[in-house]
Participant: 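Encoded as C-alpha cells, here's the structure I'll be asking about.
In what follows, chains carry the letters A, B, and so on, assigned in the order in which the sequence lines appear, proteins first and then strands, with residues in each chain numbered from 1.
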Amino acid sequence: MSLHLEHLNPEQLAAVTAPDEHALILAGAGSGKTRVLTTRIAWLIKGARAAPANILAVTFTNKAAREMLTRVTAMLTAASPSSLPRGMWIGTFHGLANRMLRMHHAEAGLPQAFTILDSQDQLAAIKRMSKGMNVDEERFPPRELMYFINGQKEEGTRPREVRVTDETTKGYAGLYAAYDEQCQREGVVDFAELLLRCYELLARNEILREHYSQRFRYILVDEFQDTNRLQYRWLKLLSGHPRPPQAGGSLVFAVGDDDQSIYTFRGANVGNMADFERDFKVRNVVRLEQNYRSHGNILDAANALISNNRNRLGKNLWTSAGKGEPLRVFEGESDNDEARWLVGEVEALARDGTRLSQVGVLYRSNAQSRVVEHALFSRGIPYRVYGGLRFFERAEIKDALAYLRLVAAPDDDNAFLRVVNFPARSIGERTLEQLQDAAKQQNSSLMKAAEGTKVAVFKKLIDDLRAEVQGLPLAEAVEVTINRSGLIEHYKAKREGADRIENLEELVTAAAAFSQEERETESGEAVDPLTAFLTHAALEAGEHQAGEGQDALQMMTVHSAKGLEFDVVFLTGLEEGLFPHEQSVVERDGLEEERRLAYVAITRARNRLYLSHAQTRMLHGQTRYNIPSRFLEEIPQQLVKWLTPRLSKQKAFQPDFSRQTQSPFPRKPQAREVDGFRIGQNVTHPKFGAGVIVDLEGQGSDVRVQVNFRNHGLKMLALAMAKLQAA
DNA sequence: CCGATGGGGCTTTTT
DNA sequence: GCCCCATCGG
C-alpha cells in the first residue's frame with residue numbers, strides 16, 4: 001500500500017485507521033490535519049472498506065475542497081493510475097447543498113435552473129423589495145435586514161416561526177417573509193437558503209434521508225469548529241442520526257480545533273464540537289498535538305497564550321524540532337515607525353536570502369495595511385495584499401453575468417434591473433417604475449411586463465441573444481453575449497476601461513476552462529452548461545487576484561492567514577483596542593475569540609516570529625495612544641527578545657539615555673512633561689487600573705491629563721487630584 | 001448621464 | 001483619514 005502509513009505518528013495513524021465509529025479529531029495547528037483527512041479517505045477506499053461513492057467530505061472553502069480532492073486523487077492513482085475517485089462527494093457545505101437541491105429540485109420546491117444570489121445580489125434584492133414596499137429604510141436598514149434574515153435562516157427559522165418580542169422584530173419578520181416570497185417567485189436562492197432548503201428537504205423526506213445516510217457511510221468534516229448550528233443539524237440529518245452506524249447510519253469523522261475557532265461573528269458555533277461528542281456518543285477522540293511547522297519557542301508562546309482561555313477542550317502543541325530563536329518584539333513610536341522598521345527587517349531578510357513569498361505580514365484589520373503598503377512602496381518592495389474584490393465579484397463581471405442570467409432565466413428581476421439600462425439605452429427611472437408597477441399587477445417578471453412597452457427593445461436584445469447562443473459551446477456563448485451586450489464599447493469609451501475589458505476577456509477564458517467534469521461534480525449531470533457556469537460563478541467567487549507568480553511579500557488579516565504558513569511572520573499592531581479589538585471586549589466571549597485569533601497568528605510562523613506594536617496610531621482620522629496588547633504580556637518573557645527597550649515595564653519614568661544609543665531607531669523626545677508624566681506614558685490609577693496618558697493640558701496647579709484606561713476607557717483627570725502612578 | 005459633493009461609518013469573511 | 005454611498009447639479 002502506498003499510503004505511507006509508516007510515516008504517520010501514532011495519533012495520526014489512530015485517526016486514519018479509526019474503527020467504524022464516530023470520531024472526533026482534535027487537530028492542533030500544523031499537526032497534519034489535511035494529511036490525516038486525505039489519508040483516511042484513501043485508506044478507506046484502498047482497503048475496500050468503502051467505495052468512493054460511500055464517501056462524503058465537506059469543507060468550508062472551495063480551496064480546501066480542491067486541495068483535498070487533489071491529494072486524495074494523487075494517493076489513489078499512485079498505485080493504479082486509472083482509479084479516479086469517481087462517485088465521491090467532496091465539496092463545501094453550500095456546494096453539496098446545491099448539488100442535492102438540483103437533483104431533487106421538485107421536492108425542494110425549486111426550478112431546476114434556480115439562480116444563486118451572492119451577498120451582493122442578496123442585498124440588491126432586499127433593497128428592491130424594500131423599495132417596492134415603501135419600507136422606511138431608516139428604521140429597517142437593508143443591511144441590517146440582511147443580517148436578520150441570514151441569522152434566522154442559520155437558526156433554521158422561517159418567517160412565521162420568528163420569535164416576535166417587539167415591534168421592530170415584528171417588522172423584520174414581515175420583511176423576511178416578503179423577501180422569501182420574492183425569492184420564491186423569481187426562482188432565486190441565497191447562500192443561507194441553500195443550506196436551509198437542503199436541510200428541510202432532508203427533514204421532510206424520509207426516503208431521501210434514508211437513501212443518503214445509506215449511501216454515505218462515511219462522512220468527513222473539515223474545520224468542524226467553524227460549522228454553524230444549521231450545518232450541524234444538516235450533518236445530523238444526513239448521517240441518519242440518531243440511528244447508530246451498526247443500524248445503517250453514517251459514520252461521522254469530524255476534524256477540528258476549538259483553539260482556532262475565529263468565526264463566531266459569522267455564526268460559527270464551537271459548541272458543536274462538544275455537542276457532537278455528546279449527541280453522537282463519541283468514544284473515539286484523538287488529539288493531534290505534535291506540530292510539524294514551528295520551532296519550540298513559537299509553540300511555547302502559543303501554548304502559554306491560549307492557556308489563558310477558559311473554554312477549551314484542552315490541547316498542548318509540542319515539537320521534536322529545537323527551540324529555535326526567541327520571538328522578536330518591537331515597540332514603535334508610531335504606526336509609521338513600526339512600518340519603517342518592518343520594511344527594514346524585510347530588506348535585511350531578503351538580503352540574507354529569505355524569499356519574500358515566505359514572509360507574512362499579519363494584522364487585525366484591513367485598515368492597518370495602508371501604512372505598511374506605503375512604506376513598502378517607497379522602498380520598491382513587491383507585496384501582495386489579500387482580500388478585497390474577487391474575480392466574479394467585479395462590477396463588469398457581474399454585469400456580464402447578469403446578461404447571461406437573463407439568457408438562461410429571463411424572469412430574473414435582479415439581473416434585469418442590473419443591466420436593463422447598462423450600458424445606457426435611455427431607459428430611465430420613470431419607465432422602470434411603470435414597468436415594475438405593471439409587473440406587480442400582472443404578477444409577472446419585469447421581462448414579461450416589458451412586452452409591448454419601450455423596454456421591449458431590451459427584451460428583444462435578450463431574446464435574440466438567446467436564440468443566437470442556443471447550442472453554442474459555453475465559452476462561445478459567453479463571448480457572443482459579452483459582445484452583444486455593448487459592455488465592451490462602453491468601457492472602450494472610458495479612461496480606466498482597459499482593465500475591465502481585460503477582465504471581460506478573462507471571463508471567456510474562465511468559461512472555456514470550466515470543464516465538463518466540474519460541471520458534473522458541482523451541479524449534477526442534468527443541468528445545462530450555462531446554468532452550471534452561473535452556479536459556479538456564484539459559489540466560487542474566484543481567486544482574489546492573480547499573484548502573477550512574482551515573489552512578493554504576503555500581507556493579510558489574521559483571519560485570512562488561517563491555514564497558511566510562512567518561514568517568517570510579522571504580527572503587527574499588538575495594541576489594546578486594536579488587537580484585542582475594542583469591540584470584542586464588550587462581546588460575550590469576545591476576548592477569548594481574540595486570543596484564539598492571536599493564537600492562529602502565532603502558529604503561522606515556522607522559524608521566525610516578530611511581534612510589534614506602536615505607541616501612537618492614526619485611527620478614524622485621529623491619533624490614538626495605545627498601550628501594548630495584553631497578549632504580549634501573556635507570552636512568557638524568556639521566549640522573547642526585545643528589539644526596543646520595554647517602556648511598559650520601566651519602573652518609574654526616567655529619561656533613558658541608554659536608549660538613544662542602543663536603539664537603532666532613535667525617536668523624537670516627547671513634547672511635554674509635567675511631574676514626570678508625559679503623553680504616551682503608561683500609568684496606573686487606584687480605581688481605574690492600567691492606562692496610558694493620551695493628552696496633557698493646562699498650566700501650573702491645574703494640569704489635566706486625559707488617560708485611556710485599559711478597562712475603563714477615556715477619562716479626564718486633574719493631575720493634582722488623581723493618584724496617578726507611573727507604571 | 002456623469003461627475004462632484006457631502007455625510008456617515010468605520011473588525012474580522014466564506015459561501 | 002478614507003472609502004462608500006446617495007443625492008444633486010450641470
Participant: Report the distance from atom CD of A:Gln120 to atom C1' of B:dT15, rounded to the nearest whole Å.
Facilitator: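 Between C1' of B:dT15 and CD of A:Gln120: 13 Å.
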
Participant: Please report the interatomic distance CG(A:Leu404) to CG(A:Leu507), rounded to the nearest 0.5 Å.
Facilitator: 7.0 Å

Participant: Taking the P atom in each of B:dT13 and C:dC4, what is the distance between them to the nearest angstrom?
Facilitator: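 Roughly 15 Å separates the two P atoms.
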
Participant: Are A:Arg500 and A:Asp399 close enough for a salt bridge, meaning some N to O gap below 4.0 Å?
Facilitator: no

Participant: Looking at A:Ser119, I'd like to know whether one of its side-chain N or O atoms comes within less than 4.0 Å of OP1 or OP2 on B:dT15.
Facilitator: no

Participant: For A:Leu389 and B:dT15, what is the distance between atoms CG and C1' respectively, to the nearest whole Å?
Facilitator: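 One finds 16 Å between C1' of B:dT15 and CG of A:Leu389, rounded.
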
Participant: Return the set of residues passing side chain to side chain donor-acceptor pair (under 3.5 Å) with A:Asn269 (not counting sequence neighbours), or none when no residue passes.
Facilitator: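 Checked A:Asn269 against side chain to side chain donor-acceptor pair (under 3.5 Å); matches are A:Asn272.
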
Participant: Students often mix this up, so state it plainly: with edges at 30° and 60°, are the rings of A:His559 and A:Tyr263 parallel, tilted or perpendicular?
Facilitator: tilted

Participant: Expressed as a whole number of angstroms, how long is the span from A:Met146:CE to B:dT13:C1'?
Facilitator: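 After rounding, the reported distance stands at 12 Å.
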
Participant: For DNA chain B, whose closest nucleotide is more 5', that of A:Arg425 or that of A:Asn62?
Facilitator: A:Arg425

Participant: Contact class for A:Lys562 (heavy atom, under 4.0 Å): base, sugar-phosphate, or nothing?
Facilitator: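 No contact at all - A:Lys562 keeps every heavy atom at 4.0 Å or more from the nucleic acid.
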
Participant: Distance check needed: B:dT14 C1' versus A:Lys63 NZ, whole Å only.
Facilitator: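 Rounded to the whole Å, the gap is 12 Å.
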
Participant: Are A:Arg128 and A:Glu186 ion-paired here, with the side-chain N under 4.0 Å from a carboxylate O?
Facilitator: yes

Participant: Are A:Glu489 and A:Lys492 within salt-bridge range, i.e. N to O under 4.0 Å?
Facilitator: no

Participant: How far does the P atom of B:dT12 sit from the matching atom of C:dC5, given to the nearest Å?
Facilitator: 15 Å

Participant: Tell me whether the count of non-hydrogen atoms from other residues, nucleotides or ligands lying under 6.0 Å of CZ in A:Arg143 goes above 12.
Facilitator: no

Participant: Using a strict 4.0 Å threshold on nitrogen-to-oxygen distance, state whether A:Glu193 and A:Arg158 make a salt bridge.
Facilitator: yes

Participant: Once you round it to whole Å, what is the distance between P of B:dT13 and OH of A:Tyr147?
Facilitator: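 Rounded to whole Å, this separation is 12 Å.
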
Participant: Look only at the side chain of A:Arg102 and the backbone of A:Phe114, and say whether a donor-acceptor pair between them is shorter than 3.5 Å.
Facilitator: yes

Participant: Hey, are A:Asp226 and A:Lys562 close enough for a salt bridge, meaning a charged N less than 4.0 Å from a carboxylate O?
Facilitator: yes

Participant: Nearest-Å distance, NE2 (A:His559) to P (B:dT12)?
Facilitator: 9 Å

Participant: Under 4.0 Å between a side-chain N/O of A:Thr92 and OP1 or OP2 of B:dT15, yes or no?
Facilitator: no

Participant: With a strict under 4.0 Å distance from non-hydrogen atoms of chain A, what nucleotide opens and what nucleotide closes the contacted stretch of DNA chain C, reading 5' to 3'?
Facilitator: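 Nucleotide range with atoms under 4.0 Å of chain A: C:dG1 to C:dA6.
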
Participant: Rounded to whole Å, how long is the line connecting atom CG of A:Asp121 with atom C1' of B:dT15?
Facilitator: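 To the nearest whole Å, that distance equals 13 Å.
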
Participant: Atom CG of A:Asp118 to atom C1' of B:dT15: distance rounded to whole Å?
Facilitator: 9 Å

Participant: Using a heavy-atom cut-off of 4.0 Å across all strands, would you classify A:Tyr263 as base, sugar-phosphate, or nothing?
Facilitator: sugar-phosphate

Participant: Is the phosphate of B:dT15 approached by A:Arg390 (side-chain N or O, under 4.0 Å from OP1 or OP2)?
Facilitator: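 Answer is yes, contact under 4.0 Å.
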
Participant: Heavy atoms from C-beta onward define the side chain here; which of B:dC1, B:dT15, B:dT12 lies closest to that of A:Asn421?
Facilitator: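 Comparing B:dC1, B:dT15, B:dT12 against the side chain of A:Asn421, the answer is B:dC1.
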
Participant: Show each protein N/O and nucleotides 2-11 of chain B N/O combination with a separation under 3.5 Å, one pair to a line.
Facilitator:
{"unit_1": "B:dT11", "atom_1": "O4'", "unit_2": "A:His581", "atom_2": "NE2", "d": "3.3"}
{"unit_1": "B:dT11", "atom_1": "O4", "unit_2": "A:Glu587", "atom_2": "OE2", "d": "2.4"}

